[in-house]
Amino acid sequence: DDQTSMRRDQLVSALKKMSRKFNSFAFMQIANMASVDPFAKIKGMINEMIEKLLNEANEEATHKAFCDEELGKSRKSQADKTMKLDKTSARIDSARSGIAELEEAVKSLEGEIAEMDAAQAEASKIRTAENAEYLKASGDFKQSAEAVAAAIQVLKSYYEGAFIQLASKTTLKSKAKKSDIGGTIISILENAEGEFTTMLAEADADEEAAASGFTKLMNENKVTRASKQAEIKGKQSESRSLSTNLQNYNEDKAAVGEELDAVLTYLDKLKPECETKVMSYEEKVARREAEDRKSTRLN
């Protein structure tokens, strides 16, 4: 302590004076021996040990702070990138599902248009056949009506002329008989003309109705086709947009995956340095005692 050191200094000073006074080498040796602190070396070793322990403690604290900071940042980065990767994967799944649904919808609409075109082609074929049949029938009805009308005119002219010629040669009874026969024939022909005219009118009405219905069907199909084609274009445009997004999502996923791999690699490098547990003094003592007990049993 300080008091001992002071007394030691006083003793050394006195011995040195005696050495000079008596010109004694022995007193000088004694003075030198007295000046030497027997615990100086031990004190130095202790001080060095303390300094070393303090330095190690500081280094350990600095290293721990470094590990805590780096592990904390890396684990947070890992969690963030894992969350981002999951979100990107969900977007990829959603985009793929959306594209598949849009492609299926386009395929369905194209199928509906194809069915409509096939039905329209069949309707056109039927309409062409109906029109051809109408043209033939109406021509026949018209020609028949005109022929009957001409025959009626001929018969009327014949019977009226014959009636005048026979008026002076035959009796009244004979005249009446011929008049009745001519009237009957003309009446039959007039009925036939009326029937042909009626059938022609009915054929015209049926043709007009069929033509009107066909035109209406064509117009409706035209509107429906345009609507479905517009819907197809819209879905195809949406599908292209989703495909672009899907490409971007895949690129993002690859980039985030690389970043996550880098973080995991860095964490693997930190683990041996930051997560290896150093045994405490108590643990070392306990381990040594256990080894001693084991050695004793073996002996």
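Remember, it's a predicted structure, so these values are computed and weren't measured experimentally. Note that these values count all heavy atoms, side chains included, but never hydrogens, waters or copies made by symmetry.
For Gln10, the side-chain contact (heavy atoms from CB on, under 4.5 Å) partners are Met6, not counting sequence neighbours. For Asp204, the side-chain hydrogen bond (donor to acceptor under 3.5 Å, both in side chains) partners are Tyr134, not counting sequence neighbours. Among residues two or more places apart in sequence or in another chain, the side-chain hydrogen bond (donor to acceptor under 3.5 Å, both in side chains) test is passed with Glu207 by Arg127, Asn131. Judged as a side-chain hydrogen bond (donor to acceptor under 3.5 Å, both in side chains), and not counting sequence neighbours, the contacts of Asp140 are Lys136. Applying the side-chain contact (heavy atoms from CB on, under 4.5 Å) rule to Ser243 yields the partners Ile99, Ser239; only residues at least two apart in sequence or on another chain are considered. Every residue was checked against the side-chain hydrogen bond (donor to acceptor under 3.5 Å, both in side chains) condition with Lys269, not counting sequence neighbours, and none meets it.
In this structure, Ser74 OG and Leu267 CG are separated by 4.5 Å, a value rounded to the nearest 0.5 Å. Between the OG atom in Ser108 and the CD atom in Glu103 there is a gap of 13.5 Å [rounded to 0.5 Å]. Here the OG-CG distance, from Ser241 to Leu246, works out to 11.0 Å after rounding to the nearest 0.5 Å. Atom CG of residue Leu270 and atom OG1 of residue Thr265 lie 11.0 Å apart, to the nearest 0.5 angstrom. With rounding to the nearest 0.5 angstrom, the CD atom of Glu146 is 12.0 Å from the CZ atom of Phe196. Ser138 contributes atom OG, which lies 12.0 Å from atom CE of Met199 (distance to the nearest 0.5 angstrom).
Sorted by first and then second residue, the salt bridge (Lys or Arg N to Asp or Glu O under 4.0 Å) pairs with a member in residues 240-255 form an empty list; sequence neighbours excluded. Sorted by first and then second residue, the salt bridge (Lys or Arg N to Asp or Glu O under 4.0 Å) pairs with a member in residues 227-239 read Glu112-Lys228; sequence neighbours excluded. Contacts classified as salt bridge (Lys or Arg N to Asp or Glu O under 4.0 Å) and involving residues 187-200 (residues at least two apart or in different chains) are given here: Lys156-Glu190.
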Side chains of residues 216-226: which donor-acceptor partners sit under 3.5 Å, not counting sequence neighbours?
residue : atom : partner : partner atom : Å
Asn219  : ND2  : Thr215  : O            : 3.3
Asn221  : ND2  : Gln120  : OE1          : 3.1
Thr224  : OG1  : Glu220  : O            : 2.9
Arg225  : NH1  : Asp117  : OD1          : 2.6
Arg225  : NH1  : Asp117  : OD2          : 2.6

Name every donor-acceptor pair, under 3.5 Å, that has one atom in a side chain of residues 79-95 and the other anywhere in the protein, sequence neighbours excluded.
residue : atom : partner : partner atom : Å
Asp80   : OD2  : Lys76   : NZ           : 3.0
Lys81   : NZ   : Glu259  : OE1          : 2.9
Thr82   : OG1  : Gln78   : O            : 2.6
Thr88   : OG1  : Lys84   : O            : 2.8
Ser89   : OG   : Leu85   : O            : 2.9

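Contact detail for Ser77 and Val263: the closest heavy-atom pair is OG-CG2, 3.5 Å. Closest approach of Thr197 and Ala145 over heavy atoms only: OG1-CB, 4.1 Å.
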Step-by-step side-chain contact (heavy atoms from CB on, under 4.5 Å) determination, Lys271 to Asp268: CA-CA 5 Å; Lys271 284 178 181 179; Asp268 288 339; 4.0 Å; yes

Show, in sequence, the C-alpha distance, side-chain angles and deciding distance for Glu130 and Phe214, and conclude whether the side-chain contact (heavy atoms from CB on, under 4.5 Å) test is met. CA-CA 11 Å; Glu130 287 177 346; Phe214 180 76; over 6 Å; no

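In summary, Glu110 and Lys107 do not engage in a salt bridge, as defined by a charged side-chain N under 4.0 Å from a carboxylate O.
Taking a 4.5 Å side-chain heavy-atom cut-off between Ile, Leu, Val, Met, Phe, Trp and Tyr, the cluster of Leu109 extends to Val106, Ile113, Ile232.
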